[in-house]
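To start, the structure under review is shown below, and the notes come after it.
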Number of protein chains: 2
Amino acid sequence: MDSTAFSERTRAACQAREILDRVGDKWSLYVISQLSDRTKRFNELKRDIDGISQRMLTVTLRGLERDGIISRTMYPVMPPRVDYALTPMGRTLLDTVGSLVSWAEEHVDEIEATRARYDARTESFPEPE
Amino acid sequence: MDSTAFSERTRAACQAREILDRVGDKWSLYVISQLSDRTKRFNELKRDIDGISQRMLTVTLRGLERDGIISRTMYPVMPPRVDYALTPMGRTLLDTVGSLVSWAEEHVDEIEATRARYDARTESFPEPE
DNA sequence: CGGGATCCACCGTGATACTG
DNA sequence: CAGTATCACGGTGGATCCCG
């Protein structure tokens, strides 16, 4: 085998990381999932995503908008109204995320069990205070 | 429709986030991709993953080991020798990651173009110093 | 060779208050 | 309603030194 496989894989992993930087933060996945069935307004998202702050919702929406994953529609009315929706590209991401979600659902139990076993092993050596 | 879709989706997004917390950090994906074809040793990984520090390789390997994604085999010899490999569960993650990588490859150009357009729009309003 | 321990800079995140 | 501005904190990651 030649070294092409390596560089190709590294390049691919690098691109994948850029995507993970986008959807891998604390809130993006929630926003994406909340917009998967229909357009929503700012406070609607804020209500539906438990625990998110106003600021972080703004930041997250800006980031997703910047990358063309969601669209932002402002209506110049009083009071202000802004609608957020997934773009076509954002919709294609749903399938990919779905694959990740499936993996998570299938392995969450196994991971937690492995994690618990690992912790039990390592924590059984308490340092003498 | 009932509210099941919402809670189900939120729960799923939550589990997906746990997975993203695992593989979504700065280095995990590189380690996983580097181990995709064969077992490797510590310094071998350090050489092959450009820019990773000793500390971060250790931290990343521990995290992946803790969740059962990679296995760690120590040989009590002098000098020490430690082998890292993907576990069967880690291998199943390769397919999922592959899906993400494919999405990234397909859309990286579109994302960068959208991003550039967004930045050009927003940066065209310089604050008067 | 394969780490561990320590210190530190950065920045993602949250709380709060204010605004058009 | 849909933000912006400011401050503060904590966790992530990098640099360095040391160890078995």
Side-chain angles (χ1 to χ4, degrees), chain A residues 14 17-18 20-31 34-35 39-67 70-85 118 121-123 125-129, chain B residues 14 17-18 20-31 34-35 39-67 70-85 118 122-123 125-128:
Chain A
C14 185
R17 277 230 72 263
E18 290 195 25
L20 286 178
D21 278 341
R22 172 76 281 127
V23 302
D25 63 9
K26 191 167 180 182
W27 300 108
S28 288
L29 223 53
Y30 292 103
V31 172
Q34 284 296 327
L35 292 178
T39 293
K40 290 193 178 181
R41 300 179 57 175
F42 186 88
N43 274 345
E44 205 170 356
L45 287 168
K46 183 154 164 31
R47 264 196 313 275
D48 291 344
I49 303 174
D50 198 56
I52 196 170
S53 66
Q54 210 165 30
R55 169 185 155 75
M56 285 320 295
L57 181 53
T58 301
V59 170
T60 304
L61 288 170
R62 288 292 176 281
L64 292 173
E65 183 200 1
R66 176 169 182 263
D67 285 356
I70 65 171
S71 65
R72 179 174 186 272
T73 311
M74 245 190 72
Y75 301 95
V77 296
M78 218 21 213
R81 166 177 183 155
V82 182
D83 284 355
Y84 293 96
Y118 183 93
R121 246 184 304 137
T122 55
E123 284 167 12
F125 307 112
E127 69 277 13
E129 183 263 339
Chain B
C14 185
R17 276 230 73 261
E18 290 196 27
L20 286 178
D21 278 341
R22 172 74 281 128
V23 301
D25 63 9
K26 191 167 179 181
W27 300 107
S28 288
L29 222 52
Y30 293 103
V31 171
Q34 283 296 327
L35 291 178
T39 293
K40 290 192 177 182
R41 300 179 57 175
F42 186 88
N43 276 343
E44 204 171 355
L45 287 169
K46 181 153 166 29
R47 263 195 313 275
D48 292 343
I49 303 175
D50 197 56
I52 196 170
S53 66
Q54 208 165 36
R55 167 185 152 79
M56 285 320 296
L57 182 53
T58 302
V59 169
T60 303
L61 288 170
R62 288 292 176 280
L64 292 172
E65 183 200 1
R66 177 169 181 262
D67 286 355
I70 66 171
S71 65
R72 180 174 186 271
T73 311
M74 246 191 71
Y75 300 95
V77 296
M78 219 18 213
R81 167 178 183 155
V82 181
D83 284 355
Y84 294 95
Y118 183 94
T122 55
E123 283 167 12
F125 308 111
E127 68 278 11

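Chain naming here is simple, since letters A, B, ... match the order of the sequence lines and numbering starts at 1 in each. Bear in mind the structure is a predicted one, so any value in this text is a computation, not a measurement.
Rounded to whole Å, atom P of C/dG2 lies 8 Å from atom CG of B/Asp83. Atom pair B/Leu61:CG and C/dG2:C1' shows a separation of 11 Å (rounding to whole Å applied). In this entry the distance linking CZ of B/Arg62 with C1' of D/dG13 reads 17 Å, nearest Å. The NZ-P distance, from B/Lys40 to C/dC1, rounds to 16 Å in whole Å. If you measure from atom CZ of A/Arg55 to atom C1' of D/dT4, you get 10 Å, rounded to the nearest angstrom. One can place CE of B/Met56 at 16 Å from C1' of D/dT16, the figure rounded to the nearest angstrom. One interatomic measurement links the two molecules: CD of A/Gln54 to P of D/dT4, which rounds to 10 Å at whole-angstrom precision. Rounded to whole angstrom, the span from the CZ atom of A/Phe42 across to the P atom of C/dG20 amounts to 17 Å.
In this structure, a donor-acceptor pair under 3.5 Å is present between the side chains of A/Lys40 and A/Gln34.
Of the candidates C/dG2, C/dG3, C/dG14, the closest approach to any side-chain atom of B/Thr58 belongs to C/dG3. Residue B/Trp27 places its side chain closer to D/dG14 than to any other of D/dG14, D/dA2, C/dT13.
Among the heavy atoms of the strands, none lies under 4.0 Å from B/Tyr75. Among the atoms of the strands shown, none is found under 4.0 Å from any heavy atom of A/Lys46.
One finds the CG atom of B/Asp25 at 7.0 Å from the CG atom of B/Leu64 (value rounded to the nearest 0.5 Å). Taking CD of B/Glu18 as the start and CG of B/Asp67 as the end, the distance is 9.5 Å to the nearest 0.5 Å.
OP1 or OP2 of C/dG3 lies within a sub-4.0 Å distance of a side-chain N or O belonging to B/Arg72. Residue A/Tyr84 has a polar side-chain atom (N or O) positioned under 4.0 Å from OP1 or OP2 of D/dG3. Between B/Arg41 and C/dG2 there is a side-chain N or O to OP1 or OP2 distance below 4.0 Å.
A/Arg72 forms no cation-pi arrangement with A/Tyr84, by the criterion of a distance under 6.0 Å to the ring centre and an angle within 45° of the ring axis.
Between the side chain of A/Thr60 and the backbone N or O of A/Trp27 there is no donor-acceptor pair closer than 3.5 Å.
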